Each structure stands twice: as C-alpha cells, then as structure tokens.
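Note that the structure is a prediction, hence the values are computed from the model and not measured. What you see below is based on every heavy atom in this structure, not just the backbone, and it leaves out hydrogens, waters and symmetry mates.
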Amino acid sequence: MNVEVNNESGVEIDANGLMRLSRFVMSSLRLHPECELSIKLVDEDTMTRYHVEFLDLPGPTDVMSWPMDELRPGTDSEDDSDAPLGHLGDIALCPTVAAAQGAKAGHGTWAELELLTVHGILHLLGYDHAEPADKAEMWDVQGRLLEAWRAPGNSLGQ
C-alpha cells in the first residue's frame, strides 16, 4: 500500500507513524495491496481555505477527505489482490486543530491525529455520519480499527 504524507503544517509530526496507521487501516479493510493514499498536513489558514472552498463552511476544521476512485472495503471472502486497484483519495489534516481537540478530549495530539486519519480514510471509503444510523456504523468501525491499532500485540501500532 502506497501512502504518501506531505507535511506543510509547520508542526513536527511522525509521518512514518501516519503511514503505518494508514497501511494498517487499509489492510484491515481489505483494500488492494497496491492502492494509494495521500495525506497532507496543513496549517489553519490552508484548512480554512479548503473548508470554505469545498464545503462553504467558515473557519478551519480538523480533517477533510477527497475520494478518487470510489473504492470500498473488501470482504473476508475475497483475496485482497482481487479488490479494485486505484487511488483511494486525499486527506488533509490540521495538526493545530487536532492538538486543541486532543487536549480538550484528554488524549493528546497524537491520539487525535490517529482518530482523524482513520476517520478520513473511512470517509474516502464512503462512510458518513450525517444520519444517526450511518454515524453509529462509522463510529463503530472507527473505534474497532483504533482499538486494534493500539492493541499491545500490534507491532505496527507500537
């Protein structure tokens, strides 16, 4: 799985950690082993511009996603290499917004960036949280992925 992380935020972030997490999520969701993902870390001014331009909403946000090839999670009954190959999409993360949210939630910046990365990937795969049932499903998948990522036996998450 090809994951590219481009940090233009001015904040030092563990890019390798974001790549490992993204690969873990993509593999867990049974995407093709050669699918691609781009993550861009941006400052608040850039995220504000994206938020206004693409969603017509004011101020910076924490994460935004732009799907490309409309990929969907694979199933347990298929070989991952049979899954469609393509570019999953692009994610923009704002570390300063994540830091504020992580502090407010009491789990810190890195845990918030992990959550937002998983959240962004799920959006790229068609998950949404506009309706209560959709939100419950997305939060369930997101929670299970983060729990598996952070599990003591997961050498990728350590």
Side-chain angles (χ1 to χ4, degrees), residues 1-31 33 35-51 54-55 57-68 71-74 80 87-158:
M1 300 191 170
N2 184 20
V3 179
E4 179 182 321
V5 176
N6 185 8
N7 188 356
E8 298 177 4
S9 69
V11 176
E12 190 172 323
I13 297 297
D14 179 6
N16 287 327
L18 289 178
M19 284 187 265
R20 285 192 314 273
L21 169 60
S22 299
R23 287 184 187 116
F24 174 83
V25 170
M26 293 161 68
S27 177
S28 296
L29 294 172
R30 306 190 60 91
L31 298 179
C35 72
E36 299 176 356
L37 170 67
S38 298
I39 299 174
K40 186 175 182 180
L41 297 139
V42 298
D43 60 27
E44 288 188 35
D45 289 341
T46 302
M47 189 59 98
T48 297
R49 192 173 73 248
Y50 291 167
H51 207 207
F54 294 102
L55 296 177
L57 294 170
T61 190
D62 48 10
V63 59
M64 291 185 69
S65 301
W66 295 270
M68 296 300 233
L71 302 178
R72 296 294 178 256
D80 294 353
H87 186 83
L88 183 55
D90 301 324
I91 297 172
L93 297 169
C94 186
T96 54
V97 173
Q101 290 176 175
K104 185 176 179 180
H107 58 229
T109 303
W110 181 250
E112 188 70 12
L113 283 169
E114 288 176 322
L115 183 144
L116 295 172
T117 300
V118 173
H119 191 85
I121 292 171
L122 291 176
H123 273 306
L124 294 176
L125 290 166
Y127 287 88
D128 199 5
H129 46 83
E131 299 298 325
D134 294 337
K135 180 178 180 179
E137 179 185 14
M138 185 174 185
W139 263 236
D140 178 60
V141 173
Q142 182 174 279
R144 284 187 285 119
L145 287 166
L146 285 167
E147 184 178 340
W149 168 249
R150 295 171 178 156
N154 177 18
S155 61
L156 293 175
Q158 304 302 313

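For the side chain to side chain donor-acceptor pair (under 3.5 Å) test, no residue two or more places apart in sequence or in another chain qualifies with His51. Asp140 pairs by the side chain to side chain donor-acceptor pair (under 3.5 Å) definition with Arg144, not counting sequence neighbours. Legend: residues meeting ring pair (Phe, Tyr, Trp, His ring centres under 6.0 Å) with Tyr50, ordered by chain and number and at least two apart, are Trp66. Not counting sequence neighbours, Ser65 has no partner by the side chain to side chain donor-acceptor pair (under 3.5 Å) test. Remark: Ala111 pairs with His107, Glu114, Arg150 by the side chain to side chain contact (heavy atoms under 4.5 Å, CB included) rule, at least two apart or across chains. Listed by chain and number, the residues in a side chain to side chain contact (heavy atoms under 4.5 Å, CB included) with Asp43 are Asp45, Thr46 (sequence neighbours excluded). Asn2 meets the side chain to side chain contact (heavy atoms under 4.5 Å, CB included) test with Glu36; sequence neighbours excluded. Listed by chain and residue number, Asn16, Arg20, Trp110 satisfy the side chain to side chain contact (heavy atoms under 4.5 Å, CB included) test with Asp14 (two or more places apart in sequence, or in another chain).
Residues Met64 and His123 fail the side-chain proximity criterion, which asks for heavy atoms closer than 4.5 Å. Proximity of Leu18 to Leu41: side-chain heavy atoms (C-beta onward) are separated by under 4.5 Å at one or more points.
Expressed to the nearest 0.5 Å, how far CG of Leu145 lies from CD1 of Ile121 amounts to 8.5 Å. To the nearest 0.5 Å, atom CE of residue Met26 and atom SG of residue Cys35 are 3.0 Å apart. From Thr117, atom OG1 reaches atom CG of Leu122 across 11.0 Å, with rounding to the nearest 0.5 Å. For the atom pair CG (Leu115) and CD (Gln142), the distance works out to 4.5 Å, reported to the nearest 0.5 Å. Separating the OG atom in Ser22 from the CD1 atom in Ile39 is a distance of 3.5 Å, to the nearest 0.5 Å.
Heavy-atom minimum distance, Thr61 versus Met47: O-CG, 3.1 Å. Here the closest heavy-atom approach between residue Thr48 and residue Gly59 is recorded as OG1-C, 3.5 Å.
Sorted by first and then second residue, the pairs that involve residues 3-13 and meet salt bridge (Lys or Arg N to Asp or Glu O under 4.0 Å), not counting sequence neighbours, are Glu8-Lys40.
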Name every donor-acceptor pair, under 3.5 Å, that has one atom in a side chain of residues 92-104 and the other anywhere in the protein, sequence neighbours excluded.
| from | atom 1 | to | atom 2 | distance (Å) |
| --- | --- | --- | --- | --- |
| Thr96 | OG1 | Glu44 | OE2 | 2.8 |
| Gln101 | NE2 | Asp62 | OD2 | 3.0 |
| Gln101 | NE2 | Glu112 | OE2 | 2.8 |

